Trainee: 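What follows is a single structure, and I will ask about it in a moment.
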Amino acid sequence: RDAPRTLGAAQFSDDGTGITVQLSAEAVPWVGPCTSIFSGSTLGSGAVCSVSGKVLTVQFTGDATVQTGTTLSLVDAPLLFDILSPIVSFSGNTSSGVQTCSSCPQPVARLTGPAVMATPCLSGELKPVLISAAASSEPSGRPFRDVQWSVPSSVTDTTTRTLLQTKCSTLNAVPNPMDRMSLYLTEADITSLPPGAPAVTVTVTSFFQKSASAQLDMRKMDSAERTPVVKIRGQDTPLMSYGIKLQPDVDVSSVCTGKTVAWSWSCTELPDLVTDASSAIQTVNRAALLAAGVHVGTSLTFILDASFSKLATAKTTISKVVTLQGDALVPHLSGPSGEVQSTSTLVFDASQSSDPSDPYNVEPLRFSFSCSRPDNALASCFSGGYSGTKLGAVWTVDASKFVRTDFQYQLQVQVAKGTGNTARVASAMLMLVPKLEAVVSASITRFCGIDPSSGTAVMCGAKHSPTRDLTLSVALTDTSTSATTGVTYLWSYTAATVAVLGVELRALDVQGGLINSSQLTIRSSALPTSGTIVVQCQLTLADGRIGLAMLSIQMSSPPICNTASGCLALTSASITTLESVEISATAGFTSPDGLALLFEFGVYSSSLDQPYKPETSQSETKVYRYYPGSGPGTYVLYACAIDAMAARVCSTGNLTVTAAAPLNSDQVVALLPDFSRVGATQDVFA
């Protein structure tokens, strides 16, 4: 084995979220931060590397900038060693630049905007129309390489084509592709458009040079066929647990004085889901969806007719297709952890795992159990081909069958449901060390709050958000001892930035600074931003006996804004006190873990104890219209993306508000929208 240990070819994974590197020799199994192996910052601050056999895998956590063709270089003393000669480390660079994926994922292009446009009833009342590509997605979570707008061949009117092409060309000239996600039509643009069928197309190109297009077809009405200008607000792919929430977003300027809007909703596939067709707001909760036989992956088409009278023949008809998405599965594995006696029978139970989308398990969960060794992921934990007894959600293991004692093993359950595009998988893990001598059994549990409706503890999710404190408790589970006093506790942990298990927690890492306690809360500042943290607690009883409990906790990756210029867009950087501005959360907001995002908008002030002052509650709506309420000045507006773990990332933008010229009473009446024409409705998204 005198040949140098080197890196071979490197290639992006097919989902674009990592890189696989071939090794010239089998390496010592290892999992940890990529900064311990590779030099440079292109892999991102939180990238996790895992080594198994002759393959090294890099998993990104959202801020990677590595490009196709980039050469990866090892640090001077990488934690990458030959398995047959553990003192010999690998060296050098990858044999060539990182190759593109063999089957790269396609991006998704989406356009949202008004289906109908009309000349405003009152001059100055119409605000810019937003045609947004923000719902488009890049599957690897990176910014788009290119975003191009065009006018489709279906637009034949010369005036319409010229106006829209000018708008597209101007937008295409913006240097940063992620700043090209919204096209605006001003009141002057809409007024100058002749009646007809304007349309625009957006083409997005992914990091891996894959392209997709979407087209938005609109209708410009003449005065004789005036109908309300309406969009449907609501999420295209809501989670089953969130349910369906839809409501019309009417352009007030299209509802002239003396007119009121009548609504008529329907659902093509399941008409009975619409219980009150004339109600502006349509909500269908999880219970109603389950009762109707709706399951994860079901697509439903909701149609809205809007007119100025229930008997009117002229109406605006728009539709939205809603596809129900599955919530993240919540795996739960109970059983012994830490030190266990090698003569005992171990029972691991995953029956408390759950699916928030299907709480009654109409489609049963599937369970698979496995055991792995940190020293060699490919080697068996058990001798003689033994694998334990697996019965549904329960796995029974004879501890005497482990290949060796005084050695750490990882016991894992994988919980799965669905197939194909609706497949969901989550896992939970326990760690244990078999001992020949008698041990004191104990276990560590996470605490994730109390359900106010039942008063019981909330089941913790598969991952913990690194933006939140982590509360843990340890308890004796050994039935042979009733010792509850005189116990001392020594907590330690390993994180993505710690190479050796057993780094003692410091007082400053823990709320209240109390270390010798059966319960503690680790501050979020002491947690890694990704990867896995392994917590262990050594308990020493009053009679001198010692027990060890261990718990492995996977960190979720918080949302990111992957656009250098920020992920907030304003329709204007300067308005008067009588005007308003639309704040948009752009497609740059993304979740590296693929979690659904909610959005919050408001005003930021660094001088306040709570600098983020929300104007809205959290919802899936990506656009908010802001009306200045405090007079002239410069305001910092914000948009935040929040995931299901309550982790968030925010972007800000400056808005200058100037004093408007004084108005007489007639001008005030003319400029203010007459909301009575639309009718008072409760906004479920506000």
Side-chain angles (χ1 to χ4, degrees), residues 107-120 123-136 143-205 211-222 229-231 249 251 253-254 316 318 563 565-575 579-588 622-625 653 655:
V108 176
R110 292 191 180 95
L111 276 181
T112 58
V116 179
M117 294 184 292
T119 303
S123 177
E125 192 174 303
L126 187 70
K127 299 303 176 186
V129 164
L130 172 67
I131 302 173
S132 175
S136 303
F144 289 113
R145 279 191 182 270
D146 197 13
V147 177
Q148 289 289 313
W149 294 77
S150 59
V151 182
S153 58
S154 59
V155 178
T156 57
D157 178 78
T158 302
T159 302
T160 302
R161 189 170 190 83
T162 300
L163 187 150
L164 293 178
Q165 189 57 60
T166 300
K167 286 284 185 180
C168 291
S169 298
T170 301
L171 188 55
N172 290 339
V174 174
N176 186 347
M178 296 303 291
D179 291 334
R180 305 177 202 153
M181 301 301 290
S182 299
L183 186 149
Y184 298 100
L185 297 178
T186 65
E187 178 189 352
D189 294 330
I190 298 170
T191 303
S192 61
L193 283 174
V200 293
T201 299
V202 70
T203 300
V204 296
T205 302
S211 296
S213 298
Q215 181 171 317
L216 179 66
D217 296 309
M218 299 168 283
R219 181 165 63 90
K220 169 64 188 298
M221 299 182 300
D222 59 27
V229 176
V230 181
K231 296 183 292 186
D249 185 0
D251 185 339
S253 68
S254 70
T316 298
I318 54 177
T563 306
S565 58
C567 293
L568 175 144
L570 301 175
T571 51
S572 175
S574 178
I575 61 173
E579 295 176 319
S580 61
V581 66
E582 276 192 350
I583 315 172
S584 299
T586 71
K622 291 186 174 183
V623 180
Y624 171 68
R625 183 168 290 281
L655 175 69

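Because only heavy atoms are used, hydrogens play no part in the values below, and waters and symmetry mates are left out as well, while side chains stay in. Computed from a predicted structure; not experimentally measured.
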Trainee: Sequence neighbours left out, what passes salt bridge (charged side-chain N to carboxylate O under 4.0 Å, His left out) with Lys231? Give chain and number order.
Mentor: none
Trainee: Checking Asp179 now: which residues fulfil salt bridge (charged side-chain N to carboxylate O under 4.0 Å, His left out) with it, not counting sequence neighbours?
Mentor: none
Trainee: What pairs of residues pass the salt bridge (charged side-chain N to carboxylate O under 4.0 Å, His left out) test when at least one of them lies in residues 189-205, not counting sequence neighbours?
Mentor: Lys167-Asp189
Trainee: Thr159: what forms a side chain to side chain donor-acceptor pair (under 3.5 Å) with it, not counting sequence neighbours?
Mentor: none
Trainee: Taking atom CG of Leu185 and atom CG of Leu193, what is their separation to the nearest 0.5 Å?
Mentor: 6.5 Å
Trainee: Please report the C-alpha distance between Ile131 and Met218 in whole Å, then the side-chain angles of each, then the deciding distance to 0.1 Å, and finally whether the side chain to side chain contact (heavy atoms under 4.5 Å, CB included) criterion is met.
Mentor: CA-CA 11 Å; Ile131 302 173; Met218 299 168 283; 3.9 Å; yes
Trainee: Please find the pair of heavy atoms, one from Val155 and one from Ala197, that lie closest to each other, and give the distance.
Mentor: CG2-O, 3.9 Å
Trainee: Can you give me the closest heavy-atom contact between Pro107 and Ala212, atom names plus distance?
Mentor: O-CB, 3.5 Å
Trainee: Can you name the residues that form a side chain to side chain contact (heavy atoms under 4.5 Å, CB included) with Thr112, not counting sequence neighbours?
Mentor: Ser132
Trainee: What heavy-atom pair brings Met178 and Pro143 nearest, and what distance separates the two atoms?
Mentor: CG-CB, 3.7 Å
Trainee: How close do Thr203 and Ser213 get, heavy atom to heavy atom, and via which atoms?
Mentor: OG1-OG, 2.7 Å
Trainee: Once side chain to side chain contact (heavy atoms under 4.5 Å, CB included) is applied, do any residues pair with Ser192, and if so which ones, sequence neighbours excluded?
Mentor: Leu163
Trainee: Strictly by salt bridge (charged side-chain N to carboxylate O under 4.0 Å, His left out), give each pair with a member in residues 151-162 just once, sequence neighbours left out.
Mentor: none
Trainee: Would you say that Ile583 contacts Leu570 through its side chain, given a criterion of any heavy-atom pair below 4.5 Å between the two side chains?
Mentor: yes
Trainee: I'd like to check the side chain to side chain donor-acceptor pair (under 3.5 Å) partners of Thr205; sequence neighbours left out, ordered by chain and number.
Mentor: Ser211
Trainee: If every non-hydrogen atom of Ala109 is compared with every non-hydrogen atom of Ala214, which pair is closest and at what distance?
Mentor: O-CB, 3.4 Å
Trainee: Using the test side chain to side chain donor-acceptor pair (under 3.5 Å), find all partners of Ser182 that sit at least two apart in sequence or belong to another chain.
Mentor: none
Trainee: Using the side chain to side chain contact (heavy atoms under 4.5 Å, CB included) criterion, which residues pair with Ala135? Sequence neighbours excluded.
Mentor: Arg110
Trainee: If only atom types and distance count, is the side chain of Ser572 paired as donor or acceptor with the main-chain N or O of Ser574 below 3.5 Å?
Mentor: yes
Trainee: Just do the side chain to side chain contact (heavy atoms under 4.5 Å, CB included) check on Val200 and Val202 with the steps written out, would you?
Mentor: CA-CA 7 Å; Val200 293; Val202 70; over 6 Å; no
Trainee: Which residues pass the side chain to side chain donor-acceptor pair (under 3.5 Å) test with Ser154, not counting sequence neighbours?
Mentor: none
Trainee: Output the distance between atom CD (Gln165) and atom OG1 (Thr158), rounded to the nearest 0.5 Å.
Mentor: 13.0 Å
Trainee: Please list every donor-acceptor pair under 3.5 Å in which a side-chain atom of residues 145-153 meets a protein atom from a residue at least two apart or in another chain.
Mentor:
unit_1: Arg145; atom_1: NE; unit_2: Phe207; atom_2: O; d: 2.5
unit_1: Arg145; atom_1: NH2; unit_2: Gln67; atom_2: OE1; d: 3.0
unit_1: Arg145; atom_1: NH2; unit_2: Phe207; atom_2: O; d: 3.3
unit_1: Asp146; atom_1: OD1; unit_2: Gln148; atom_2: NE2; d: 3.2
unit_1: Asp146; atom_1: OD1; unit_2: Arg180; atom_2: NH1; d: 2.7
unit_1: Gln148; atom_1: OE1; unit_2: Asn172; atom_2: ND2; d: 3.3
unit_1: Trp149; atom_1: NE1; unit_2: Arg180; atom_2: O; d: 2.6

Trainee: Drop me the distance from Arg625's CZ to Thr571's OG1, to the nearest 0.5 angstrom.
Mentor: 6.0 Å
Trainee: Between Thr160 and Pro198, what is the shortest heavy-atom contact and its length?
Mentor: CG2-CB, 3.8 Å
